[in-house]
Amino acid sequence: MKTANTGLRIHRRLAPRLANAALAALALIVVLGMAEIVIGSGRIRWNIIVEYLFAPAVLNGVAMTLMLTLVSLLGSMMLGTILAAMRISRNRVLETIASAYVWFFRGTPVLVQVVFWFNLGLFLPQVTIGSLSLPINSLVTPTTAALLGLLLNVSAFMCEVIRGGLIAVDNGQTEAALSIGMTPTRALLRIVLPQAVRVIVPAAGNLAIDLLKATSLVYVIGTREILGTTQSIASQTFYVIEMLIVASLWYLFLVSIASFGQSRLETYLARGLSTAGRELPRANLG
Amino acid sequence: MTFVQENHQDDIVRMKGLTKAFGAHLVLKGVDLTVRRGEASFIIGPSGSGKSTLLRCVNSLETYNDGELWVEDYLVGAEKRGDAWYEARPRVTAARRARIGMVFQRFNLFPNMTALDNVTSGLRMVLGQGRREAEDRGRELLDRVGLLDRAGAYPAQLSGGQQQRVAIARAIAARPSLILFDEPTSALDPELVGEVLAVMRDLVREGMTMMVVTHEIQFAEEVGDTVHFIDGGRVAESGTPADVIRASRNARTSEFLARIR
């Protein structure tokens, strides 16, 4: 640490530091007290949790949850970008269609949409492609219904996140890109979108984490993801609380990884945009 | 080989009765103006007189509603098929813009790219040059505007004057036949104006064709070949700096010059 340049010394004040310490101690007492209520009850069989945490059935559920999340997320990025481009386009028909899509899929609960897709066969029993006619019920399995419901729903939110990012980029950027000879499409993809990503990533990250947890809703149509598998184990073994804890631990683990990835991505995208360094301690404070 | 305008081969920009309206508001009310190859053409006039709009029409950042605007051998916003002119396709307009540099009032550098990447952006992303070739040219240009040592800096780490010099390097990177300057010093602190004008003065000396919208009357007088005074959407007076600035016979020009001096 740098030593003070002059003899002048600024004295530390103790009062605010003591108040901070007292507040921290109080908060710790409350947290530990609550932990004591849960753990100290002696009703939770921890060995069961350890036993089932890595059971093959549970791991299959984790894989299913990851698949639902990643496919819905990637699909929604593509569909959301198209919808966002439609919403900012000057073509009134495209703009209206995209707005109506967002209005409908953002306005109805994702659980309702998932159940709807699962029951699609009720009013559309057959699909005919050319001479081929297929019963809907062979196409719409619990997995495809879950994917369809999640993807279409999260696309509506993704559209708004991407549109917000595109609007946040100054119009001068587009003009500069056009002036060096880019076509409007290339200017959008090469200049505006990379800058919009900075605004999009934090919001899209929250959306991805919400989506990861929202995949648990599809257990109601029998999809075997984390909650579905743990609930089915619970119904056979009556380890209800233990299985919920197993599910929660997996969700926490997956969300932690996602949060870490998100913050790394944000740091990377912020390059060149901040000139502020870390604040050094004051050398003349003693 | 026949040119449409055989007797105008020295002209790079020709406007005839150029008219532009935003809604019910007429901004340009029939502008006639010519820029010759190799000429430094200055456009001056009061705020809201349509100077910037006029400039932005030249590279299609604005469309015009009536009249004719020719650049080199083409009609801006249109392309020729057979003997008739049709609306220009986006990639035709883009290819034409690549031949015209533009410097903006607010610099409009790409904030997520270094100074060098900004300068080479058109070479790499539009002309498809390799990084090596583009960066050699980019360094040469940064050296010309005195910023070779800041090649790796991002726009946020540069002063306004430095940013505008990088923007000028970006505008001339693809060796355009014309550069448009839209109030290049209006967003700068007074002490930073000089370094940008110095770079522009060098370009004039090299014989670069340019159209400059500015409030720097003294600079226009010093380096300009032609000065156009625009007032109320029309060209009120055109001529050499000596005619228009030093010895104007137009009452509106004299009044404007007296006001800003």
Side-chain angles (χ1 to χ4, degrees), chain A residues 81 85-86 88-92 94 162 164-205 262-279, chain B residues 52 55-56 58-62 88-115 117-128 152-158 166-167 169-174 176 178-182 187:
Chain A
T81 305
M86 285 167 74
I88 60 174
S89 92
R90 264 170 291 182
N91 186 323
R92 297 285 297 173
L94 295 185
I162 291 170
L166 293 177
I167 291 170
V169 178
D170 182 66
N171 194 39
Q173 293 293 311
T174 307
E175 293 195 344
L178 293 177
S179 82
I180 59 171
M182 289 192 186
T183 58
T185 313
R186 183 175 288 220
L188 180 70
L189 294 178
R190 298 290 309 263
I191 299 297
V192 177
L193 204 54
Q195 293 181 53
V197 163
R198 224 168 26 83
V199 182
I200 291 170
V201 162
Q262 181 187 356
S263 78
R264 288 295 295 268
L265 193 56
E266 282 173 30
T267 311
Y268 171 74
L269 291 169
R271 74 199 186 286
L273 294 163
S274 168
T275 51
R278 208 164 56 85
E279 202 178 337
Chain B
S52 286
L55 199 70
R56 291 160 58 82
V58 175
N59 69 348
S60 300
L61 286 185
E62 303 283 0
R89 287 164 296 168
R91 65 192 165 91
V92 170
T93 300
R96 289 169 175 178
R97 284 191 184 120
R99 303 273 307 129
I100 301 176
M102 185 157 191
V103 176
F104 299 87
Q105 181 177 352
R106 308 262 351 149
F107 329 135
N108 297 356
L109 289 180
F110 306 130
N112 51 341
M113 297 183 199
T114 62
D117 284 346
N118 265 284
V119 175
T120 59
S121 55
L123 303 176
R124 289 180 289 114
M125 299 186 205
V126 178
L127 302 184
Y154 286 94
Q157 298 161 334
L158 300 172
V166 173
R170 178 177 68 180
I172 61 176
L178 167 71
I179 310 184
L180 311 173
F181 288 89
D182 188 3

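In what follows, chains carry the letters A, B, and so on, assigned in the order in which the sequence lines appear, proteins first and then strands, with residues in each chain numbered from 1. Scope of the values below: all heavy atoms of this structure, side chains included, with no hydrogens, waters or symmetry mates.
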Can you list everything that forms a side chain to side chain donor-acceptor pair (under 3.5 Å) with Gln262(A)? Sequence neighbours excluded, please. Glu266(A)
Gap separating the CD1 atom of Ile180(A) from the CG atom of Asn108(B), nearest 0.5 angstrom: 11.5 Å
How close do Ser89(A) and Leu94(A) get, counting heavy atoms only, and between which atoms? OG-CB, 4.1 Å
Leading residue by heavy atom contact count with chain A [cutoff under 4.5 Å; candidates Leu127(B), Asn59(B), Leu61(B), Leu180(B)]: Leu61(B)
Is chain A contacted by the side chain of Leu109(B), its backbone, both, or neither, given a heavy-atom distance below 4.5 Å? backbone
So do the side chains of Val192(A) and Leu166(A) get within less than 4.5 Å of each other, counting heavy atoms only? yes
Kindly write out the residues that satisfy salt bridge (Lys or Arg N to Asp or Glu O under 4.0 Å) with Arg91(B), not counting sequence neighbours, or none if the list is empty. none
For Phe104(B), is it the side chain, the backbone, both or neither that has a heavy atom under 4.5 Å from a heavy atom of chain A? side chain
Taking side chain as C-beta onward, heavy atoms only, is Val197(A) less than 4.5 Å from Leu265(A)? no
Is there any salt bridge (Lys or Arg N to Asp or Glu O under 4.0 Å) pair reaching into residues 168-195 of chain A, and which pairs are they, with sequence neighbours excluded? Glu175(A)-Arg56(B)
Select all residues of residues 117-125 of chain B having any heavy atom within less than 4.5 Å of some heavy atom of chain A, and report them by number, or 'none'. Ser121(B), Gly122(B), Met125(B)
Val103(B), Thr93(B), Val126(B): which one forms the most heavy-atom pairs within less than 4.5 Å of chain A? Val126(B)
Measuring from atom CG of Leu189(A) to atom CE of Met182(A), what distance do you get when rounded to the nearest 0.5 angstrom? 10.0 Å
Check whether Ile100(B) gets within reach of chain A through its side chain, its backbone, both or neither, counting any heavy atom under 4.5 Å. backbone
